[in-house]
Amino acid sequence: MPRSDEAEWWFNAVYAAVQEIPRGKVTSYGHIARLLGQPQRPRQVGVCLKHLPSNEPGTSHYYHSDNVPWQRVLNAKGMISHRGPGSAARQAAALRREGVRVDTDAMGEMYVDLARYGWFPDRLPSEEGLTEEDSEDEDGEGEGESESESERVGG
DNA sequence: AGATTGACTCTTA
DNA sequence: GTAAGAGCCAATC
């Protein structure tokens, strides 16, 4: 839980941005920071995700691990950093569940091929095409996604 | 209240 | 190619 309103804005902005990562795609902490106009703070993106609450019953958080695809955020090299035993495997499993291939390198580190799964747009889709006239205005979002992935590996 | 940590990344050497 | 330093700042000790 953020200690200040400014921090709370940041938390919400990060969660909202992460929600825009398409299913089956991944991006980096640094890119989320850039999309939010704070290219110097990839770390704080990680801080936000660390504090992303679970969907445990009894809690009623607007953002939680079930509606924020935290697993789609990797480091700049496309590698899953381990922040605890089993956490990296958990993220890898979540990614594979949505069709993302996760490999392991020679050093035992798990990674995703960014050339294939990377999602690095210039700006957030929600901001796409809007001018400075329209400012930030969040409205309710609809859940429920039906996807039809057709994986094809381009040589 | 001060020091350290950490879901990061970039620049230098 | 690897290693170290800087920047960032909320959370934690």
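Chain A is the first sequence line, chain B the second, and so forth, proteins listed ahead of strands; every chain is numbered from 1. Note that the structure is a prediction, hence the values are computed from the model and not measured. Below, all heavy atoms of this structure are taken into account, side chains as well, without hydrogens, waters or symmetry copies.
Look at OH on A/Y29: it is 14 Å from P on B/dC10, rounded to the nearest Å. Atom CD in A/Q38 sits roughly 16 Å away from atom P in B/dT9 (whole-Å rounding). When the P atom of B/dG6 is taken as reference, atom CD of A/Q44 falls 14 Å away, rounded to whole Å. If you take CG of A/L74 and P of B/dA7, they are 15 Å apart, rounded to a whole angstrom. Here the P atom of nucleotide C/dC9 and the NZ atom of A/K50 are 16 Å apart, to the nearest Å. Between A/L52 atom CG and B/dG6 atom C1' the separation is 17 Å, expressed in whole Å.
Sequence order on DNA chain C of the closest nucleotides to A/V47 and A/Q40 puts A/Q40 first from the 5' end.
For the atom pair CG (A/D105) and NZ (A/K77), the distance works out to 10.0 Å, reported to the nearest 0.5 Å.
Using a 4.0 Å heavy-atom distance criterion, A/W70 is classed as a base contact. Across all strands shown, A/R41 has heavy atoms under 4.0 Å from sugar-phosphate atoms exclusively, and none from any base. Counting non-hydrogen atoms under 4.0 angstrom, A/R90 reaches nothing in the nucleic acid. As judged by a 4.0 angstrom heavy-atom cut-off over every strand, A/S87 is placed among residues making no nucleic acid contact.
Side chain of A/R43, nearest nucleotide from C/dT12, B/dA7, C/dG7: C/dG7. Listed candidates were B/dA7, B/dC10, C/dG7. Nearest to the side chain of A/P42 is C/dG7.
Between the P atoms of C/dA6 and B/dT4, the separation comes to 15 Å (whole Å). As rounded to the nearest Å, C/dA3 and B/dA7 have C1' atoms that lie 23 Å from one another.
Open room surrounds CG on A/D122; 12 or fewer heavy atoms of other groups in view lie less than 6.0 Å from it.
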